[in-house]
Amino acid sequence: MTEIPKAYEPQSVEDKWYDFWVKQGCFTADPVRVTEKRPAYSIVIPPPNVTGMLHMGHVLNNTIQDILSRKARMDGKEVLWLPGTDHAGIATEGMVAKQLRKEEKKSKQDIGREEFIKRVWTWKEKHGGIIIAQLKKLGCSCDWTRERFTMDPDYVRNVQRVFVDLYKKGLIYRGKRMVNWCPATQTALSDEEVEMKPQKGFMYHFKVEVAESMGSATVPVADSGVAPESSSIHLKPEERASGATPDAAGGTPALPGPDGKIWLTIATTRPETIPGDTAVAVNPKDPRYAHLIGKHIVRPLPIQLPREQKLIPIIGDEHVDFEFGTGVLKVTPAHDKADFDIGTRHKLPIVDIMNPNGTMNELAGESLAGLDRFEARKVAVERLKEIGALVEENPYENNVGFSQRADVPIEPRLSEQWFLKYPSVEVSKACVEQEERRAPALREGETETRGAGAPRSAKMRFHPDRWAKVYDHWLTNIQDWCISRQLWWGHRIPVWRKSIQHGDWKQLGTSKWATALAMTLHELVEIKATEGYTTEFVNLSGQCETTLRYWFKNGTWLFEAATVSDVESKEWEKLGFTQDPDVLDTWFSSWLWPFATMGWTGDKAHDSNTPTLRAFYPTTDLVTGPDIIFFWVARMIMAGYEFMGEMPFRNVYFTGIIRDKQGRKMSKTLGNSPDPLELIAKYGADAIRFGTMRSAPLGQDVLFDEKDVELGRNFCNKLWNACRFRQMQGSAGASPANEGAPPAQSEVEGEINPTLLTSDDHWILLRLDTGIREVSDALASYNFSTAVQTLYRFFWSEYCDWYVEASKAALPVERHPDMSAYPQHTGSRFSPEALKLRNNKLAVMDFVLGHTLRLFHPFLPFITEELWHGMGFSKELPENQGGQTIMVAPWPKPLSDEEKNYFGLDDTADKVAAAKYELVSLGRNLRRELKLDPAKKLKFILKPAGTLPAAEIEVLKLLLNAEVVEVVAKSWIADKGTPSASNALGELFLPTAGLIDFAAERIRLTKEVEKCRAEKEKVEQKLANPAFTEKVPAKVLEEHRQRLADWQAKEKQAQTSLDDLPV
RNA sequence: GCGCGGUUAGCUCAGUGGUAGAGCAUUUGCUUCACACGCAAGGGGUCGCAGGUUCAAACCCUGCACCGCGCACCA
C-alpha cells in the first residue's frame, strides 16, 4: 500500500475482491473437508423470488447470513451457504401474462399452456438472475456453484416424489371443499395467503315472508302468479319494520301481522348472494323463531323466479347467535364457509351463483348475471328496495379476507382441490424449544449447540424464542393445506385420471402395456367391484412404479394414477389418462429446500451416501422473517422430519421487519423503499451492511434511515484512515498480525516487547480483549446490533480517540524514523531507546489492527480484505490462515492467561491510562468552562498522586494541547484561585494569571459545589438509613462509602477554590 | 375476544435490583501535519400511569392507558 487515498473509495475495491474470492473458490463448500476438527456449518438461503429485486429486507436478511457464514469460516468451519431462487408461481405467471397482454395483446389461453411456459422460461433466463447479481454486490459469500432453482429438473423431480409419497400415505387427497378463491388470479389459495382487513361497508336488513304464515298449509303455497313483492310493494320499509318484524331484542315469538303474514328480517353484508341462499337458519333455542323451524320463507331474489322456486326452508342450527343481527341467518352454502358447514349438516342444496372471475352467473338472476360481485351488490340492494324488502341499511365495518398477492377480497368458493394433511406434526411441534420449558443449564451452552457436529440439545431454537409460541399455536390449530393452484407456471400435479365404465376395459387400448395393465386392473376391480367409494391403493409393482387409486360409483370407475416416472406417465396418457391441469403451491416446493437442494433423492440408501447431505444436513442456522413462519419455516420443519427423519435446522433467527423512519412498512406505492443498489453505489456495500446491522436490534423491527448508511460509510472511512495513519508511520518490523505471538518470539523485530509497554498499551490491550469477548458473545447470541455497537465503541472511542491520540506522543510525525534525516530533533524522542519504544508502539498498533480487521471482517468484508492486504497482514501467514484472504484468518480469541501474563496485564493494568484520560477530560473541561482560547497552548501544572514517568507527562501534554505540563512536588501550593481538577492520578492546575475570567470561574465553581453537594446528600441519605447499612451487601456498602468520600473531597476542593477567588 | 411486542434524551434505541447510557440531531469552538465522512467540550431524561415487593425499582409483581403486530371472528 504505497499511496493511500485520503478517503475510502469502496467502488474501486468491492468488485476486485468479490471476483478474487469467487475465483479462488473461497465460497465453495467441500463436504470432503468436513472432519471432527473442521465441523460443518450450513445455511440455506430463503430463496428470493426469481422475479424479485433486492430490497432492504433482503439486505438485512442476507447480511446476517453472510456475517454468520463468514464468522463460521474464521472459526475454521467448513461452510456451506446454499443460494438459489424460487419460481414464485403467481407472481411470475402474472408478470409474464401482463407482458404478453401488453406486447402482443394476447391472453395466456390464446397461446396455450406449452407456449406460455416457454415464455416464462425465456423471461426467467433473461431477468431471473438480477437478484442473484444484486446479492453478490452486497458481498454475500454464497456457494454459487450450488445455486438452485425450484424449477430445476432435479428439484421438480423431488417435488413430484414428495407428492407421490404423501399421496401414497393417504395424506394428499382431492376433494370438493370450500376454498379461498382469488377472483383476480383465478386460483385457490391456502388459508395463510388470506389476510383479514377491516372494510367499511353496510349491513343490510331485508325482510322475507314466511310462506306458511297464513297458518293453513305446512306445504309450500303454490301461488306462483302472485309474487310477494306484488302484494307488499305498497308498504314503505319503515312501516314494515315497525309492523310484524320481530324486534331482535324482544324475545316474543314472531307472529302474523295485520296482513296475516309473518315476516322475518335478515341481516347481511352480502345481499348479492341472496339468490344462492338455500335456507334460513335460526337458533332452535330462540323463542322468537323456534316455532318457525320447518316452515319456509320466500327468498326475494332473483325476482323473476316463480314463487314456488323461491321457497327455502327455515332450519334450526346452534351456530346461529341470537344476539347478532336479527338472529335470523341466511344460509348460502356455496359462498360462505360457515354456511357450507351448516349446509352439510342439513343436507342443503348448493347453488353456486358466481363465475370464477367474481362475476355473477345466470343462477343469480337476470338483473345480476354478468355483473361483478360488487356491482351486483348495489343492484341487489336496488332490487330489494324496489320490492320493498329492504328494511335498513347501516354503515358497518367488518373484516374481509383479502388475497395477499392480488389485494382483492377473496371469495369462498366450492371447488375441487388437492389438500394435504400435514405430516410429522407432533414431532415438529415437540422439537422447538419453548422458553419456559428450557432448563437454565441449557441456556448457558448456547454457543456449543451451534455449528458443532453433535448438538448438545436435541431441540431446535428460535431467536428470539417468543416466536416458538406463535409456531406452537399455529401447529395446534392446523388445518389441511390446499396445495393446488389453477396456474400453469409451477410443478404440475403428477396425477393422471380416467374414468371407465365397469367392464369396458377395451377403452384402454390394445398395446402390450395396456393389456398387461388391463389384466391387472380387471382382476383387482372384479374383486372390489362393489358400490360406493373405496380408497384402496394398488401398487403395480413388477410392472410399474405408479400408485393407482380408484373409486367405484354407479357402475363407473375413476382411476387416479400418481407417478414420478416420465415413461409411465406417457403410458398412462396412451391409455387415455389425462394429467391433472393444476400446479402445486410454490410453498409446496420451497418446504423441501433444505434437503432438496443438497442432492436428496428420497432413496434412503442413496441419500445416506450423498456427501453434501451427510455433511451439511441438518443445517445450522436459518435466517428469515417472522412473516413466513407458517408459510415456510413450520412446513420445512415438517418436511424435514417426514423425509429426512431429522430437523432441517438447529436455529432459526427471525429478523425484524424493515420500516421507514416513520415506522411504516416499506412499500412500492408509498415510495419509501430505498433501492439498496443505489445506496451501495453511493456509500459502499460495507456501509449499508454496517448501518443496517447497527440499527437492527434482536427481535425488533428496524426503522431504516439513510443516515444509518451514512454512519456506516463514515465508519469505514474512519477505519481506513486509522490504517492509513499507521501505514504512514512506516514498518515496525516483521508481520505482527500473528495470533497470540508465543513469548519465545518476543525478541523478533516487530513483535511486542512486554517490557517496553506503556500504560496506554496495557489499556488498549485490555480494551481489545474485552472487545473480542463482547463481540464473540454478541454473535453467539445473534445480537448483531450489539456486536456492531461494541466494535464501534472499541474502535472509534477507545482505539482512535484515546489510544492513537496518546500514541502520537511517542511517534514522530515524519515518515522515516531515520534520526540522521532530522538533525533538528536531537531530543530523547530520537534516542535509540525512544526508537525502540516507538517500534514497540507500532507493534502494538499492528497487533490491535490485525485483530480489529478480523473482528470486522464478517460485517465489513470488502474494506477489511483491502486493508488486510494493504497493511501487509496477509504476508508471512500460511495460505489457509489469512495469507490468501482475511476470510479464513482465524477469528480473534480473547487473550489467554498466558498472554496476559506475558504482556503484564492484570486486572488493574488499565487503571493508570484510564485515570490519565479522565484527567485529560477534566483539564479540557477546565479550559472550556473558563472560556479560554481553545487554540492557545496553555501551561498546566500537575501534582501527581504517585510517581509518573516522563512519557506519561508527554501524553498528558499532547492530549491537553498544553504548551507544557509542569510536574510539581507534593509540597507545592497553588496560588489562591488557581482553577484545578483532580482524580486518582493527581491534581491538575490551570494557572491563568491574567487570563482568567473570575466571573466565569465563580459560576463554574458554584455549579461544581452544588453538584457535589447534591450527590453527596443522596449517598448520605442512603447511608443514614440503618435498614440500608444493616441489610446491604458489604461490597455495595463499601462502594457507597467510597462514593461519599469522593464527593466530599470534591466538594471541599471546589469550595476552597471558590473561597479563594478574589472578590 | 385471545396472544405477543413496545412505551427511557428532540429522534432511533441500549440498559436483568445498587451513581440513567450510546448514536443521530442540537449548541459552542477548532483548516491540531490519519480522518470536516473529522476533533474537542456542552446542553438535554420526575425511565407511560397507579399500586405493590425491597434497605434499594427503569429493571421484579399486579392493574391500567396508549402504540404496533399476530391469531380468531357474527351473518
Side-chain angles (χ1 to χ4, degrees), chain A residues 4 6-8 196 203-204 266-270 273 281 319-332 336 338-339 396 398-399 464 466-467 469-470 473-474 477 626-627 629-630 656-657 659 661-663 683 687 694-697 699-705 707-708 710-729 783 785-786 789 792-793 796-797 800-801 804-805 808 813-814 920-921 924-929 931 933-935 937 958-959 961 1015 1018-1019 1022-1023 1025-1033 1035-1037 1039-1040 1043 1046-1047:
Chain A
I4 309 186
K6 199 169 169 181
Y8 173 56
M196 300 305 277
M203 178 71 87
Y204 302 95
I266 300 174
T268 182
T269 53
R270 300 199 63 188
T273 64
H319 169 78
V320 181
D321 174 359
F322 22 127
E323 302 287 320
F324 195 89
T326 60
V328 185
L329 172 66
K330 71 194 251 332
V331 183
T332 327
D336 184 281
D339 290 4
Y396 185 72
N398 64 342
N399 281 328
R466 62 188 152 87
W467 293 110
K469 211 170 179 174
V470 177
H473 182 255
W474 184 75
N477 300 289
D627 48 335
I629 189 167
F630 311 138
I657 294 180
R659 298 169 179 280
K661 58 180 164 184
Q662 280 125 51
Y683 298 104
R694 196 176 165 285
S695 55
Q700 295 301 130
D701 286 354
V702 185
L703 300 198
F704 178 82
D705 187 344
K707 283 263 174 211
D708 294 323
E710 202 179 311
L711 183 87
R713 179 208 46 191
N714 295 354
F715 188 83
C716 289
N717 190 55
K718 189 75 178 174
L719 183 61
W720 182 259
N721 271 289
C723 287
R724 179 163 171 253
F725 173 76
R726 166 62 193 91
Q727 197 72 354
M728 289 166 85
Q729 305 305 317
N783 281 293
S785 71
T786 307
Q789 289 188 48
Y792 188 98
R793 183 207 69 213
W796 200 312
S797 310
C800 291
D801 288 352
V804 172
E805 291 306 318
K808 285 177 179 173
V813 174
E814 292 76 16
V920 167
S921 289
R924 286 170 176 170
N925 198 336
L926 278 182
R927 177 199 281 265
R928 155 97 182 183
E929 300 245 359
K931 296 191 168 41
D933 179 359
K937 288 199 182 285
L958 186 85
L959 294 180
N961 191 26
E1015 293 295 337
K1018 265 202 271 183
V1019 188
K1022 275 186 147 182
L1023 285 166
N1025 184 352
F1028 176 76
T1029 48
E1030 281 161 24
K1031 295 192 180 178
V1032 86
K1035 191 183 160 221
V1036 176
L1037 185 61
E1039 270 170 21
H1040 279 75
R1043 205 185 303 157
D1046 287 350
W1047 286 119

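- As rounded to the nearest Å, B:G68 and B:C73 have P atoms that lie 23 Å from one another.
- In this structure, of B:G23, B:U19, B:C4, it is B:U19 that holds the atom nearest to the side chain of A:Glu1015.
- Taking only side-chain atoms of A:Arg724, from C-beta outward, the nucleotide of B:A34, B:A25, B:C4 with the closest atom is B:A34.
- Residue contacts for A:Tyr683: at a heavy-atom cut-off of 4.0 Å it reaches no nucleic acid atom on any strand shown.
- Between A:Lys707 and B:C37, a side-chain N or O to OP1/OP2 separation shorter than 4.0 Å is absent.
- Between A:Arg1043 atom CZ and B:A20 atom P there is a gap of 8 Å when expressed in whole angstrom units.
- A sub-4.0 Å separation between OP1 or OP2 of B:A75 and a side-chain N or O of A:Tyr396 is present.
- Ring-plane geometry between A:Phe630 and A:Trp474 is classed as parallel, the angle between the planes falling under 30 degrees on a 0 to 90 degree scale with a further cut at 60.
- Comparing the P positions of B:G43 and B:G21 gives an interatomic distance of 12 Å, to the nearest angstrom.
- A:Leu329 comes within 4.0 angstrom of a nucleotide base, judged by non-hydrogen atoms across all strands.
- The base-pairing partner of B:A22, taking Watson-Crick or G-U wobble contacts with both distances under 3.5 Å, is B:U12.
- Pairing of B:C60, defined by two Watson-Crick or G-U wobble distances under 3.5 Å, is identified with B:G52.
- In the set B:U19, B:C71, B:A34, the nucleotide with an atom closest to the side chain of A:Ala722 is B:A34.
- Here the side chain of A:Ala338 is nearest to one of B:C74, B:U19, B:A41, namely B:C74.
- One finds no side-chain N or O of A:Trp796 lying less than 4.0 angstrom from the OP1 or OP2 phosphate oxygen of B:A34.
- No engagement by A:Met203 is indicated, since no non-hydrogen atom pair under 4.0 Å with the nucleic acid exists.
- The CD atom of A:Glu323 sits 15 Å away from the P atom of B:A75 (whole-angstrom rounding).
- Here the nucleotide nearest the side chain of A:Leu703, chosen from B:C74, B:U12, B:A34, is B:U12.
- For the pair A:Ser785 and A:Arg694, the tightest heavy-atom approach, listed with the atom from each and the gap, is CB-O, 3.5 Å.
- Contacts of A:Cys800 with the nucleic acid, taken as non-hydrogen atoms under 4.0 Å apart, include base atoms.
- Nucleotide B:A14 holds its P atom 9 Å from the CD atom of A:Gln789, rounded to whole Å.
- Side-chain proximity of A:Val1036 to B:C35, B:G18, B:A40: nearest is B:G18.
- At the heavy-atom level, A:Ile657 lies nowhere under 4.0 Å from the strands shown.
- Taking for each of A:Asn1025 and A:Asn714 the nucleotide of RNA chain B with the nearest heavy atom, the 5'-most of the two is the partner of A:Asn714.
- Note on A:Arg713: a base of the nucleic acid sits closer than 4.0 angstrom, heavy atoms only.
- For A:Leu711, the side-chain atoms get nearest to B:C24 when compared with the rest of B:G18, B:C24, B:A75.
- Heavy atoms of A:Asp321 sit under 4.0 angstrom from at least one base atom.
- Closest contact between the side chain of A:Lys808 and the listed nucleotides B:A34, B:G3, B:G18 involves B:A34.
- Taking atom CH2 on A:Trp467 and atom P on B:G70, their separation rounds to 9 Å, with Å as the unit.
- Looking at heavy-atom distances under 4.0 Å, A:Thr268 makes contact with sugar-phosphate atoms alone, never a base.
- Here, B:A22 and B:G45 have their P atoms 15 Å apart, quoted to the whole Å.
- Counting non-hydrogen atoms under 4.0 angstrom, A:Asp801 reaches the backbone sugars and phosphates but no base.
- No donor-acceptor pair closer than 3.5 Å links the side chain of A:Asn717 to the backbone N or O of A:Ala7.
- Taking only side-chain nitrogens and oxygens, A:Ser695 never comes nearer than 4.0 Å to OP1 or OP2 of B:C13.
- Between the side chain of A:Lys6 and the base of B:C35, no donor-acceptor pair under 3.5 Å is found.
- At the heavy-atom level, A:Ser797 lies nowhere under 4.0 Å from the strands shown.
- Distances shorter than 4.0 Å separate some side-chain N or O of A:Asn398 from OP1 or OP2 on B:A75.
- Counting any heavy atom pair closer than 4.0 Å across all strands shown, A:Arg924 reaches sugar-phosphate atoms only and no base atom.
- A donor-acceptor pair under 3.5 Å is formed between the side chain of A:Arg924 and the backbone N or O of A:Leu959.
- Without hydrogens or angle criteria, A:Asn477 side chain to A:His473 main chain gives a donor-acceptor distance under 3.5 Å.
- With B:A75, B:C35, B:C39 as the candidates, the nucleotide lying closest to the side chain of A:Asn717 is B:C35.
- Across the strands present, B:U46 finds no partner; the criterion is a Watson-Crick or G-U wobble pair with both atom distances under 3.5 angstrom.
- Across all strands, A:Glu805 comes closer than 4.0 Å to base atoms (heavy-atom distances).
- Nucleotides B:A58 and B:G18 place their P atoms 10 Å apart, quoted to the nearest Å.
- Not one N or O on the side chain of A:Asn721 forms a donor-acceptor pair closer than 3.5 Å with the backbone of A:Arg724.
- In this pair, A:Phe1028 and A:His1040 present their aromatic rings perpendicular. The plane angle is above 60°, beyond the 30 to 60° band.
- Using P as the reference atom, B:G10 and B:G1 are 34 Å apart when rounded to the nearest Å.
- Of the C1' atoms belonging to B:G23 and B:C33, the separation is 29 Å, rounded to the nearest Å.
- Base pairing annotation: B:C4 forms a Watson-Crick or G-U wobble pair with B:G68, both donor-acceptor distances under 3.5 Å.
- Taking the C1' atoms as reference points, B:C66 lies 26 Å from B:U53, given to the whole Å.
- When Watson-Crick and G-U wobble pairs are counted only if both distances are under 3.5 Å, B:C30 pairs with B:G38.
- A:Asp705 comes within 4.0 angstrom of no nucleic acid atom, judged by non-hydrogen atoms across all strands.
- If you check every strand for non-hydrogen atoms under 4.0 Å, A:Lys718 touches a base.
- For the C1' atom pair drawn from B:G15 and B:A9, the interatomic distance equals 14 Å after rounding to whole Å.
- Listed nucleotides B:A20, B:A72, B:C35 differ in distance to A:Asn399; the shortest reach to its side chain belongs to B:A72.
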